[in-house]
Amino acid sequence: MFVPCGESVPDLTGFTLLMPAVSVGNVGQLAIDLIISTLNMSKIGYFYTDCLVPMVGNNPYATGEENSTELSINAEVYSLPSRRLVALQLRSIFIKYKTKPFCEKLLSWVKGSNCARVIVLSSSHSYQRNDLQLRSTPFRYLLTPSMQINVQNKMKSLNWEEMEKSPCIPEINDSEFCVRIPGGGITKALYDESCSKEIQMAVLLKFVSEGDNIPDALGLVEYLNEWLQIIKPHDPTVPSLRWKMPSSWRLLFGSGLPPALF
Amino acid sequence: MAATFFGEVVKAPCRAGTEEEEEEEEEGRRETPEDREVRRQLARKREVRLLRRQTKTSLEVSLLEKYPCSKFIIAIGNNAVAFLSSFVMNSGVWEEVGFAKLWNEWCRTTDTTHLSPAEAFCIFYHLKSNPSVFGSCTRKNTQVTILTCRHVTDYKTSESTGSLPAPFLKALKTQNFKDPACCSLLEQPNIVHDLPAAVLSYCQVWKIPAILYLCYTDVMKLDLITVEAFKPILSSRSLKSLVKNIPQSTEILKKLMTTNEVQSNIYT
């Protein structure tokens, strides 16, 4: 359930909700971190749930002493009212059998808060690509029918590739075709639920392998930026300099090494 | 999938935990009403139940409603519990008011209905002379203190963890906790998860003042030096009034250590 930081519940009518799926390489979550950090979004509340493994730490977007001691939990909501953007960040993995209840609670909150649309940032296993996908761009999009009406033309003008259908059961030759997102976590479940609840949702994903996924996250935010124009798109500078990496991205691969090792 | 150095292809676990979700999706599609019923029964079996000490009957109201308190102290792990028992609970008379009973697939005991107090994983005590400790009138007036330990290799730092002066104390506090901590705060990018995180998250969301004291140590079993690393918190506002006799506490602690040592024998 959504619990506001302050006394009153902020009005999110007409806002665009950006959220990650906990997926391969954690690319969606890294991308949301970049967005919150670059736009300096303010925390407006918590999405308090028993569906995610509990986790706490100090402010991951701290820029100095004065803001480094604010406690953060596993699911928090940030907003930038001037751009009518709201972001939900998920920081831990799902507890077994809790993904469906989470999707239900999340979408009921989305409907209740009158958000205009939801954009899910996600990823899928790159090793599951077919031959055609191997030769094309690694980015894909998916739209729910109610979203298609509004943005299909925009997608065409951007020359984006829609996520292809593949055999539902890969091992069987005459299996039906459907959209599969291996490694995408709750992406497919959220998409299917949104279709049936007529929620305007777009999924933006990248085919990735697990490893250092920071470049993948930068790629995904640039992809999103082509559409939403969150930051100036035609700046010739290197993408990594346009997006601000949060201070919590330090030591992603562990502590320092003992000098005696060498 | 990943290829090892030797060329074999293995199914590597995904750090985002998505393999389980795909299995769940498949299971969801094939699930029958019987499966759902089995799952419901299992969930009921795994529920945490709070029971009254003497009668072992369930507590009908929440523990904090029955025993309102201004200070709620929770110790998680053997070293934290040893510290609390020796330094805080040695003074005054502490009465056991209840215990938490839980079961999951990892429990060694199979009998879930007759769990003896000795097997209880969590026991609640309140101070008889001052029932406001571990008890509060309203949620707003409660202050929560959590003590636990973690292995020093969990601590992320730009130096090597081998050079750290273990054991050492770090703290995390909620927004509404206004008192200073008795040690430095846990720096980014370090995080805490599981039960201590669950308690702190609850307190942060519902605006309850709470502080977690985390001892990073290289000895996870009961250890005198690790327990004594918690000593700085005895000067905190919440515990100061509860601590009476420190030399006596140290003696109690030493006794606890020897009792445990005798039991840890590879032949028993």
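Note that the structure is a prediction, hence the values are computed from the model and not measured. In what follows, chains are A, B, ... by sequence order, proteins preceding strands, each numbered from 1.
Taken to the nearest 0.5 Å, the OH atom of A/Y48 stands 6.5 Å off from the OG atom of B/S201. Distance check: B/Q204 CD to A/L71 CG gives 4.5 Å after rounding to the nearest 0.5 Å. Between the CZ atom in A/R91 and the CD1 atom in B/I191 there is a gap of 10.0 Å [rounded to 0.5 Å]. Between the OG atom of A/S247 and the CD atom of B/E187 there is a distance of 12.0 Å, given to the nearest 0.5 Å.
Neither the backbone nor the side chain of A/P246 comes within contact range of chain B, judged by heavy atoms closer than 4.5 Å. Using a 4.5 Å cut-off between heavy atoms, B/S163 makes no contact with chain A at all. Both the backbone and the side chain of A/N59 come within contact range of chain B, each with at least one heavy atom under 4.5 Å from a heavy atom of that chain.
Enclosure of atom CD in A/E66 by more than 12 non-hydrogen atoms of other residues, nucleotides or ligands within 6.0 angstrom is indicated. The 12-atom threshold is not exceeded at CD of A/E176, counting heavy atoms of other residues, nucleotides or ligands nearer than 6.0 Å.
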**OP:** Mind running side chain to side chain contact (heavy atoms under 4.5 Å, CB included) on A/S92 and B/H193 for me, showing each step along the way?
**Re:** CA-CA 9 Å; A/S92 59; B/H193 37 81; over 6 Å; no
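Using a 4.5 Å heavy-atom cutoff, the side chains of B/L185 and A/N58 are in contact.
Among B/T157, B/N190, B/L186, B/T161, the residue with the largest count of heavy-atom pairs under 4.5 Å with chain A is B/T157.
Inspection of non-hydrogen atoms places A/G25, A/N26 of residues 25-32 of chain A under 4.5 Å from chain B. Among residues 248-262 of chain A, the residues having any heavy atom closer than 4.5 Å to a heavy atom of chain B are, in sequence order, A/S248, A/R250, A/L251, A/G254, A/S255, A/G256, A/L257, A/P258.
Distance alone, capped at 3.5 Å, places no donor-acceptor pair between the A/E70 side chain and the B/Q175 backbone.
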